[in-house]
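Report on the following structure.
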Amino acid sequence: MTWFFDPHRTYEDNLARGPFGAFAEDGVVAPDGEPRHLFLGTPVHSPFGIAAGPLVNAAYCAAAFRAGFDLATYKTVRSGAHPSHPFPNTLAVHVDGDLEAGRTEPLLADADLDGATSISNSFGVPSRDPDGWQPDMAAAVAAAGEGQVLVGSFQGTRPSSGGVDAYVADHVRAARLVVETGASVLEMNLSCPNEGTGNLLCFDTPGVARIAGAVKDAVGDVPLLLKLAYFRDDAALAGLVDATAGIVDGYAAINTLPARLVDSRGVQALPGEGRETAGVCGDAIRWAGLEMTARLARIREDRGAEVTLVGVGGVLTPEHHRAYRAAGADAVMCATGALLDPGLGREVRATSV
Ligand SMILES: Cc1cc2nc3c(=O)[nH]c(=O)nc-3n(C[C@H](O)[C@H](O)[C@H](O)COP(=O)(O)O)c2cc1C
């Protein structure tokens with residue numbers, strides 16, 4: 001089966017020619033009745049959809065809505081143009097069962113994607129210039145039907161000068177540009193390598209609180225989600241929630257789990273500097289997404305915090321979706337699962353109450 005974002009093509013080729021496979025078809029999966037759920041204040045048919053990544057432009061988002069995914073996240077944009085990591089980006093990752101957090105032994109990764117349920121995603125968060133993505137994101141917003149929501153994902157870029165102030169300002173600029181497209185929900189990606197330190201921004205609690213405060217001041221009532229990585233340290237996660245729950249509207253977790261990927265000769269699988277380790281998503285990380293959801297739900301309850309939780313990671317079936325809801329997620333999103341089964345939105349709609 002051809003995936004709608006084809007891992008055998010470059011990012012640029014997918015952007016220019018996709019979507020492919022089932023998402024290239026015109027058919028619409030009509031909802032059954034009125035929207036019965038609320039997602040950050042907007043009525044939706046089902047609080048389920050596609051996480052940031054596979055939907056690289058408006059044509060992909062429109063196809064996702066037609067296919068019955070009621071939440072569609074437009075792939076993370078930046079305040080300026082940024083190139084993609086070189087091809088390949090998405091490889092099959094051969095992992096037996098769960099991928100443990102902090103694993104140091106390498107994993108075999110190759111282009112044999114038939115039957116793969118865990119994959120790498122190593123794009124470096126490419127972005128077009130705002131002049132390119134803003135009108136396109138506005139078209140994606142317009143493609144949402146009744147009971148559907150387009151989420152605008154963005155992240156900051158560390159400028160070459162200006163230090164922390166300039167980095168904060170870049171987040172604000174990117175957020176404002178997304179709001180101008182009409183996106184009714186924002187997601188700030190804090191879980192990609194934070195240039196310059198090799199660490200993830202989401203683990204820098206004071207930095208996140210400062211950036212989230214500045215962004216929220218700029219965007220006002222537009223709901224803001226923080227996209228988090230897997231936290232191994234429970235106290236650090238609680239600290240982040242304590243510092244930000246009064247500012248933001250919720251959290252989406254998780255992004256990927258990192259692992260060292262090698263080919264059959266034991267050589268680095270993805271070409272280029274800084275790509276020895278790449279993010280792994282899909283089946284092998286579901287345990288981590290579920291655990292983070294349960295921990296966030298517990299912290300939310302302890303604090304009486306009014307935040308929305310979006311569970312992400314390894315959702316390949318309607319049963320996985322239900323497990324996330326049972327763990328405390330108000331909404332659930334998938335990336336790998338939608339690539340493997342473009343009918344998953346329809347299936348979740350049909351089986352969730
Ligand atoms: C092809 C691809 C591209 C991705 N790009 C982004 C991105 O631009 N921004 C982001 O926050 N997450 C990105 N992700 C991560 C997903 O949003 C998600 O957090 C992760 O894949 C775990 O979900 P899954 O197991 O359902 O794939 C990407 C994932 C995939 C598969």
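The chain is numbered in sequence order, starting from 1. Every number for a ligand or one of its atoms is a count from 1 in the order of the listing.
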Any N/O of Thr90 closer than 3.5 Å to an N/O of ligand 1?
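No, since none of the N or O atoms of Thr90 sits under 3.5 Å from an N or O of ligand 1.
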
Check this for me - ligand 1, Lys227, N or O atoms closer than 3.5 angstrom, yes or no?
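Yes, at least one N or O pair falls under 3.5 Å.
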
Would you say Lys216's side chain and Val222's backbone share a donor-acceptor pair under 3.5 angstrom?
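Between the backbone of Val222 and the side chain of Lys216 there is a qualifying donor-acceptor contact (under 3.5 Å).
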
Give a yes/no on ligand 1: does Ile254 have at least one heavy atom closer than 4.0 angstrom to it?
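Contact present.
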
Can you tell me if Phe123 contacts ligand 1 (heavy atom of the residue under 4.0 Å from the ligand)?
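Distance cut 4.0 Å: Phe123 passes for ligand 1.
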
Considering the heavy atoms of Ala51, write down every atom of ligand 1 situated less than 4.0 Å from one of them.
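Reading through ligand 1 atom by atom, the close ones are 17 (O).
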
Can a donor-acceptor pair be found between the side chains of His94 and Asp110 at a distance below 3.5 Å?
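Short answer, yes.
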
Just let me know how Thr336 lines up against ligand 1, side chain, backbone, both or neither, with a heavy-atom cut-off below 4.0 Å.
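It is both backbone and side chain that touch ligand 1.
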
Can you tell me which portion of Asn189 lies within the under-4.0 Å heavy-atom range of ligand 1? Options are side chain, backbone, both, or neither.
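Side chain only.
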
Assert yes or no for the condition that the ring centre distance of His171 to Tyr167 is strictly below 6.0 Å.
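Aromatic pair counts; centres sit under 6.0 Å.
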
So do the side chains of Phe203 and Phe231 get within less than 4.5 Å of each other, counting heavy atoms only?
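Sidechains of Phe231 and Phe203: in contact.
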
Hey, looking at atom 21 (O) of ligand 1, which of Ala252, Cys281, Ser153 has the closest heavy atom?
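Selected option, by shortest heavy-atom distance: Cys281.
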
Between the candidates Ala52, Gly53, Ala338, which shows the shortest non-hydrogen contact distance to atom 13 (C) of ligand 1?
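Residue with the shortest heavy-atom distance to the ligand atom: Ala52.
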
